[in-house]
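Take a look at the structure set out below.
In what follows, residues are counted from 1 in the order of the sequence shown. When a ligand or atom number is given, it counts from 1 through the structure's own listing order.
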Amino acid sequence: MLNKLTNLTKLNKNSTEEVQLDLSRVPNHVAVIMDGNGRWAKKRGLPRIAGHREGMKVVRKVVKRANQIGVKALTMYAFSTENWKRPKPEVEFIMKLPEQFLLTYLPELIEENVQVRIMGEKEGIPSYTLKAVHEAVERTKMNNGLILNFALNYGSRYEITQAVKRLSSDIEQGKFTSEEVDEQKLGSYMMSNEIGDPELLIRTSGELRLSNFMLWQLAYTELWFTDIYWPDFKETDLDQAIYDYQNRGRRFGGV
Ligand code: FPP
């Protein structure tokens, strides 16, 4: 009975309190800014890349949990257009993660009916990274379970600029007039248009920013921030975020 409060999960292992998720009101699309990998590593005297490696394992856990509870799409901010400013070895390490992630987990993702997608500027991404992701996209495109959308070399202002350029070019070619441009039309040029806007955004590590992530799509999204560093993020934290989301009143500007 999915339309009842059926799912009881513990808030965290030290807590006896339980969260009741209403599985009939799980957000369709959850976007995640996975932050705090570097600080997680520093706290343990480890190199920053150790945090990214651990963060990759958390992606797997969160995908599994999201799929179990009926989330339809997860967009994970894996690399921003600004992240190129990081030291080269760190950038190279992060760019190897998608390949490593898919080498390790693709068979399981296929089994769980997950569809892998990518959103971002392809130019600049190493060919081995693109190859791994494109292969995963190809091999999972017939699946109809959770969409795992990696935002890779993604920046929202870049996305909006590209959308406006393509829209203007279509106007110049006479496909439609500027009078016909409305929010829906412009939105259709955004990279995640097929998935729909996220209902919930999670950002870890205590930072209270959007960092150029899905600025168009987040217009009415519920924002959920936690101090937990991404490598420490657990399935129960996802439950907690969704529980809090379910207990907020969304009015979309109405009353
Ligand atoms: C932000 O933490 C994290 C990143 C820029 C990289 C995110 C990548 C992962 C979590 C792994 C992704 C996995 C796959 C499969 C692509 P930070 O380094 O900015 O942390 P800090 O703010 O503490 O320095």
Quiz item: Got a sec, which pairs hit salt bridge (Lys or Arg N to Asp or Glu O under 4.0 Å) with one end in residues 163-173, sequence neighbours left out?
Solution: Asp170-Lys175
Exercise. If you have a sec, work out which protein heavy atom is nearest atom 3 (C) of ligand 1 and how many Å separate them, to one decimal?
Key: Met34 O, 3.2 Å
Practice problem: Have a look at ligand 1 and work out which part of Tyr229, if any, has a heavy atom under 4.0 Å from it: side chain, backbone, both or neither. | Solution: neither
Quiz item: Taking atom CD of Gln173 as the centre, does the number of heavy atoms from other residues, nucleotides or ligands within less than 6.0 Å exceed 12?
Solution: yes
Practice problem: Using a strict 4.0 Å cut-off to heavy atoms of Ala78, name the atoms of ligand 1 that fall inside it. | Solution: 6 (C), 7 (C), 8 (C), 16 (C)
Quiz prompt | Residues forming a side-chain hydrogen bond (donor to acceptor under 3.5 Å, both in side chains) with His52, sequence neighbours excluded | solution = Asn37, Glu90
Exercise. Please check if the side chain of Tyr154 supplies one atom and the backbone of Glu159 the other of a donor-acceptor pair under 3.5 Å.
Key: no
Quiz item: So which heavy atom in the protein is nearest atom 10 (C) of ligand 1, and how far is it from that ligand atom?
Solution: Asn37 ND2, 3.2 Å
Quiz item: Do any N or O atoms from the side chain of Thr204 and from the backbone of Asp35 form a donor-acceptor pair under 3.5 angstrom?
Solution: yes
Quiz item: Just wondering, more than 12 heavy atoms not from Glu82 lying within 6.0 Å of its CD?
Solution: yes
Quiz item: Does Gly51 offer a backbone N or O that forms a donor-acceptor pair with the side chain of Tyr229 under 3.5 Å?
Solution: no
Exercise. Give a yes/no on ligand 1: does Gly36 have at least one heavy atom closer than 4.0 angstrom to it?
Key: yes
Exercise. List every atom of ligand 1 that sits less than 4.0 Å from any heavy atom of Arg39, numbering the atoms from 1 in the order shown and giving each element.
Key: 21 (P), 22 (O), 23 (O)
Quiz item: What protein heavy atom is closest to atom 14 (C) of ligand 1, reported as residue, atom name and distance in Å?
Solution: Phe150 CE2, 4.1 Å
Quiz item: Pick one: which of Glu54, Glu235, Glu108 meets salt bridge (Lys or Arg N to Asp or Glu O under 4.0 Å) with Arg60?
Solution: Glu108
Practice problem: Enumerate the atoms of ligand 1 whose separation from the nearest heavy atom of Leu97 is less than 4.0 angstrom. | Solution: 11 (C)
Exercise. Could you list the atoms of ligand 1 found under 4.0 angstrom from a heavy atom of Trp230?
Key: 10 (C)
Self-check item: Nitrogen or oxygen of Asn83 less than 3.5 angstrom from that of ligand 1
Solution: no
Quiz item: So is Asp35 polar-close to ligand 1, meaning N/O to N/O under 3.5 Å?
Solution: yes
Quiz item: For Arg48, is the nearest heavy atom under 4.0 Å from an atom of ligand 1?
Solution: yes
Quiz item: So, is the end of the Lys185 side chain (NZ or CZ) under 6.0 Å from the ring centre of Phe176 and within 45° of the ring's axis?
Solution: yes
Self-check item: Min heavy-atom dist Arg86 to ligand 1 below 4.0 Å
Solution: yes
Practice problem: Please confirm whether Tyr77 comes within less than 3.5 Å of ligand 1 when only nitrogen or oxygen atoms on both sides are compared. | Solution: no
Exercise. Among all protein heavy atoms, pick the one closest to atom 4 (C) of ligand 1 and tell me residue, atom and distance.
Key: His52 CE1, 3.9 Å
Exercise. Considering the heavy atoms of Gly38, write down every atom of ligand 1 situated less than 4.0 Å from one of them.
Key: 17 (P), 18 (O), 20 (O), 21 (P), 23 (O), 24 (O)
Quiz item: Would you call the rings of Phe213 and Tyr77 parallel, tilted or perpendicular if under 30° counts as parallel and over 60° as perpendicular?
Solution: parallel
Quiz item: Does the distance from a Lys or Arg side-chain N to an Asp or Glu carboxylate O, for Glu138 and Lys141, drop under 4.0 Å?
Solution: yes
Exercise. Kindly confirm or rule out an N or O of Pro98 lying under 3.5 angstrom from an N or O of ligand 1.
Key: no
